[in-house]
Amino acid sequence: MKNPEEVLLRETIRDLFSLVKQRSAKKTKNEESVLREHIRSLIRIELLNEAGVPDGDPAPHKSTGINVLEDLLKKIIPTIEDDFKLLTTDEDQRKSYRAHIINATINALRPVEANNEAGEDDPGLNEEDELEEKLTIKVGGGDSDLDKFIDINPDDTDAEDEEEKEVDPRDEFGIEGEDTTGRNMAFTTFKKIQNQIIDAYDLLSNAEDQELFIDYLVANLKLYFDKFEDEMSPSIEEPSNQAYDTAKEDQPEEGGEEDLQLQEEIIFEF
């Protein structure tokens with residue numbers, strides 16, 4: 001029969017060994033989380049530095065486009081984050097949400113960008129061109145002829161209009177092959193933030209500011225999506241090494257005499 005003091009000692013050693021392992025795993029996990037956040041911070045700082053923003057300078061940025069973008073991100077990122085983090089069933093939903101938001105943002109700014117470029121290139125009509133245009137309209141009949149048109153197939157027109165009304169706007173918004181739940185959530189989110197994005201971009205008339213705004217808007221959306229995805233990860237995989245793997249393979253089932261001896265050897269080796 002074993003000495004009660006010896007049994008108590010072995011149980012204490014086992015508890016200490018378990019505690020050491022738990023603290024070591026927790027410390028490693030925390031250090032990796034800190035490292036991830038530090039890397040993201042460095043990336044954001046590098047992006048701002050490339051745009052001419054001094055690190056740690058509380059003054060406005062050198063680029064008006066970046067100033068306007070920073071103000072916009074403060075408004076739209078909380079909305080995006082809240083909706084993104086509702087998608088918890090699987091990763092495909094979040095990937096779809098991310099792709100649709102970025103794609104919709106780029107598509108929303110293309111017409112505004114094109115209109116700005118057209119406005120700069122259009123010199124306007126001189127008096128001679130205006131006179132020629134008026135004569136062409138008068139000779140050709142103009143819009144007044146359209147009012148005289150008699151539609152002999154009104155039912156067909158109504159049917160076509162009805163078909164157009166039945167098109168789901170989410171289908172037009174969607175990207176083929178992407179998860180529809182993520183698409184639907186992105187559609188709802190983008191309706192909230194679309195006007196804010198367009199209004200912010202429309203403030204800028206300088207070509208360099210416009211280019212920086214679009215480039216850094218897309219880059220920051222991707223970075224924030226990476227950040228949100230990391231925050232939603234259920235766990236961070238614990239790093240290991242060869243010494244631990246070897247000891248784990250040689251370790252017998254819990255409760256055996258050899259198990260206690262191995263634990264004692266590991267502890268006293270420290």
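What you see is a predicted model, and the numbers here were worked out from it, not measured in a lab. Basis for what follows: all heavy atoms, side chains included, without hydrogens, waters or symmetry-related copies.
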Audit row: L73, L217, side-chain contact (heavy atoms from CB on, under 4.5 Å) steps and yes/no: CA-CA 8 Å; L73 291 175; L217 171 57; 4.1 Å; yes
Where Q210 and S205 come nearest, the two heavy atoms and their spacing: NE2-CA, 3.7 Å
Inter-residue atom distance L72.CG - Q196.CD, 0.5 Å rounding: 7.0 Å
Non-hydrogen side-chain atoms of N184 and T188 separated by less than 4.5 Å: no
Cationic N near anionic O, under 4.0 Å, D179 to R94: no
Parallel, tilted or perpendicular, as decided by the 30° and 60° cut-offs, for the rings of F228 and Y224: tilted
Residue pair F173 / N103, side-chain heavy-atom distance below 4.5 Å: no
side-chain contact (heavy atoms from CB on, under 4.5 Å) between T181 and T89, intermediate numbers included: CA-CA 10 Å; T181 300; T89 298; over 6 Å; no
Minimum side-chain heavy-atom gap I76-K192 below 4.5 Å: no
Student check: side-chain heavy atoms of D209 and S63 closer than 4.5 Å: yes
Over 12 non-hydrogen atoms of neighbours within 6.0 angstrom of CD in E211: no
salt_bridge(D226, R98) N-O dist < 4.0 Å: yes
Short side-chain to backbone donor-acceptor contact, H100 and F187, under 3.5 Å: no
Common cluster, I175/F84, ILVMFWY with side-chain heavy-atom separation under 4.5 Å: no
Trace of the side chain to side chain donor-acceptor pair (under 3.5 Å) decision for T189 with Y97: CA-CA 9 Å; T189 301; Y97 180 94; 2.9 Å; yes
Sidechain-backbone polar pair: N220 side chain, Y216 backbone, donor-acceptor under 3.5 Å: yes
Pairwise side-chain contact, K75 with I197, heavy-atom cut-off 4.5 Å (strictly under): no
Shortest non-hydrogen separation from G174 to R183 and the atoms involved: CA-CD, 3.6 Å
Side chains of E229 and K95 in contact at under 4.5 Å (non-hydrogen atoms): no
CD/E208: more than 12 non-hydrogen atoms of other groups inside 6.0 Å: no
Minimum side-chain heavy-atom gap L221-I80 below 4.5 Å: yes
Side-chain donor/acceptor of T105 to backbone N/O of I101, under 3.5 Å: yes
For A104 against F190, the heavy-atom pair lying closest together: O-CZ, 3.3 Å
From M232 atom CE to E81 atom CD, the distance as rounded to the nearest 0.5 Å: 10.0 Å
Working for side-chain contact (heavy atoms from CB on, under 4.5 Å), residues L86 and D83: CA-CA 5 Å; L86 292 176; D83 290 350; 4.3 Å; yes
NZ/NE/NH1/NH2 to OD/OE distance under 4.0 Å, K85 and E231: yes
Pairwise distance NZ(K62) to CG(N67) - rounded to 0.5 angstrom: 12.5 Å
V68 side chain reached by Y201 side chain, heavy atoms, under 4.5 Å: no
